[in-house]
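To start, the structure under review is shown below, and the notes come after it.
Note on naming: letters A, B, ... go to the chains in the order of the sequence lines (proteins, then strands), and numbering restarts at 1 for each one.
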2 protein chains.
Amino acid sequence: MTMTPQIEAFVYHFGEMGSRWGFNRTVGQMYALIVLSEHPLCANDLSEALNISRGNVSMGLKELQSWRLLQEKRVPGDRKEYFTAAGSIWDMAIRVLEERRRREVDPTLSLLRDTLLEKPSNEQEVYAQEKMQEIHDLLELCGGWADELLTMPPNKLKTLMKLGSGMGKVLEFTDKLTLRSPDI
Amino acid sequence: MTMTPQIEAFVYHFGEMGSRWGFNRTVGQMYALIVLSEHPLCANDLSEALNISRGNVSMGLKELQSWRLLQEKRVPGDRKEYFTAAGSIWDMAIRVLEERRRREVDPTLSLLRDTLLEKPSNEQEVYAQEKMQEIHDLLELCGGWADELLTMPPNKLKTLMKLGSGMGKVLEFTDKLTLRSPDI
DNA sequence: CAATAATTTCTGAAAATACAGAACCTGCTG
DNA sequence: CAGCAGGTTCTGTATTTTCAGAAATTATTG
């Protein structure tokens, strides 16, 4: 289990980026290596290839599993656990986005909902609540939309994205249509 | 400059979330307070309201400015600088997304592009490059799409999002149309 | 061109996080 | 049930990040 310079470069880069994506350097490296490996890897492989302590690898695998990013593979006659990336690259992206939403957006939404139920008790709070309402609506709208998109079959989603600037036009077009028939 | 419990709760929450959004606790608190305040705030206001050292406030303001999230306000006859949130909540969201893309996605894309120009030097790299290609394509597609969306006028974007599950249908519909006329 | 108000940069302490390595489980195998 | 492979949890150290407060810098006004 030794990495070529190319693979190494990507693995390290992903480690650095990892922190931005919500997990730490070593977890990022571990995941990158697993994704790039055709064959399932076990904890020892990771520990050796990345020079990471065995205990740390165990924690990292736990973390990646909590993101639902790993698929466990059992090799008959071998008592080690092996791992590959769960699903396609698309699946991976979707999982990460879902998880980040759960961690970053949902708690805020919930707090906002609670706060907005309370009566503003002075001038200052009237304005503040207006802003909170705006934030709430934005998050809710985006969240709902994201749900729609992420539950679409990937193919369809891809088509949609490729539509690109066409989308603006489609939108105008459907606008016109809905003038006549509100239920496209 | 004293916060009501409601406002305080949101400010602190946003501080905690802040770290997930790419800046630290105090920067998050500062921004939340600025957004919720009807009137522009100066460094001292922030320092006092949040119990943050004056120097730290200065750093934080720099950080927020690097995200293009602040609008500077000058009050005639007062030499202090005052700040409000730059633009609407939508503008804020767009700025944050753009900036995160710049910081999180672009460097990876650039590395991938470079790597994919090289010839795979063995079996292992052939597979790894396939995966990298997939990641590259996904990031590029999403990035391009995000560009489209984020440069759309907010109203249009809002309409699009509200379209919700309708979108799947629109898609099928345009599919049929393009069979006859490829340039919608 | 002082005097001083406002801001920025620097410095080191404190807090949080990441991590190696040891100690500890758990369950298989002979 | 001893021995051991594999995995997890714990403990202390190293690293990184955050931040207050001091020092330095820049602007503003009489």
Checklist entry - So what is the end-to-end bend of the helix from C/dC1-D/dG30 to C/dG30-D/dC1, with 5 pairs used at each end and the value given to 10 degrees? => result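 Computed from the C1' atoms at both ends, the axes differ by 10°.
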Roughly how many Å is it from [atom1] in [X] to [atom2] in [N], rounded to a whole number?
| X | N | atom1 | atom2 | value |
| --- | --- | --- | --- | --- |
| B/Asp78 | C/dT4 | CG | C1' | 14 Å |
| B/Met59 | C/dT7 | CE | C1' | 12 Å |
| B/Leu64 | C/dT8 | CG | P | 13 Å |
| B/Lys80 | C/dT4 | NZ | P | 17 Å |
| B/Arg79 | D/dT26 | CZ | P | 16 Å |
| B/Arg74 | C/dA5 | CZ | C1' | 12 Å |
| A/Glu63 | D/dT9 | CD | C1' | 16 Å |
| A/Glu81 | D/dA5 | CD | C1' | 13 Å |

Item to check | Minimal non-hydrogen separation, B/Leu160 against A/Trp145, with atom names | outcome: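 Minimum heavy-atom separation between B/Leu160 and A/Trp145: O-NE1, 3.9 Å.
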Using the rule that two of Ile, Leu, Val, Met, Phe, Trp, Tyr join whenever any of their side-chain heavy atoms come within less than 4.5 Å, decide whether [X] and [Y] are in one cluster.
| X | Y | value |
| --- | --- | --- |
| A/Val126 | A/Leu112 | no |
| A/Trp21 | A/Val35 | yes |
| A/Leu138 | A/Leu116 | yes |

Checklist entry - Among residues 41-58 of chain A, which residues get a heavy atom nearer than 4.0 Å to DNA chain C? => result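 Here the set is A/Asn51, A/Ile52, A/Ser53, A/Asn56.
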Next on the checklist: Any residue in residues 20-33 of chain B with a heavy atom nearer than 4.0 angstrom to DNA chain C? Just list them by number, or reply none.
Outcome noted: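 Here the set is empty: none.
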Checklist entry - side-chain contact (heavy atoms from CB on, under 4.5 Å) with A/Tyr31: which of A/Trp67, A/Phe14, A/Phe83? => result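 The option that passes is A/Phe14.
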[Y] versus [X], side-chain donor and acceptor atoms under 3.5 Å:
| X | Y | value |
| --- | --- | --- |
| A/Asn44 | A/Glu48 | no |
| B/Glu125 | A/Thr4 | yes |
| A/Gln129 | B/Gln6 | yes |

Next on the checklist: Run B/Ser37 and B/Leu33 through side-chain contact (heavy atoms from CB on, under 4.5 Å) and show every step you take.
Outcome noted: CA-CA 6 Å; B/Ser37 295; B/Leu33 188 52; 4.1 Å; yes
Item to check | A/Thr84 side chain vs A/Pro40 backbone, donor-acceptor pair below 3.5 Å | outcome: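 No: the side chain of A/Thr84 does not pair with the backbone of A/Pro40.
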Checklist entry - For the side chain of A/Lys62, counting heavy atoms from C-beta on, which of D/dC4, D/dT9, C/dT9 is nearest? => result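 Taking heavy atoms from C-beta onward, the closest nucleotide is D/dT9.
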Checklist entry - Got A/Leu61 and A/Leu46 here, is their nearest side-chain heavy-atom distance under 4.5 Å? => result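 In short, these two side chains touch, coming nearer than 4.5 Å.
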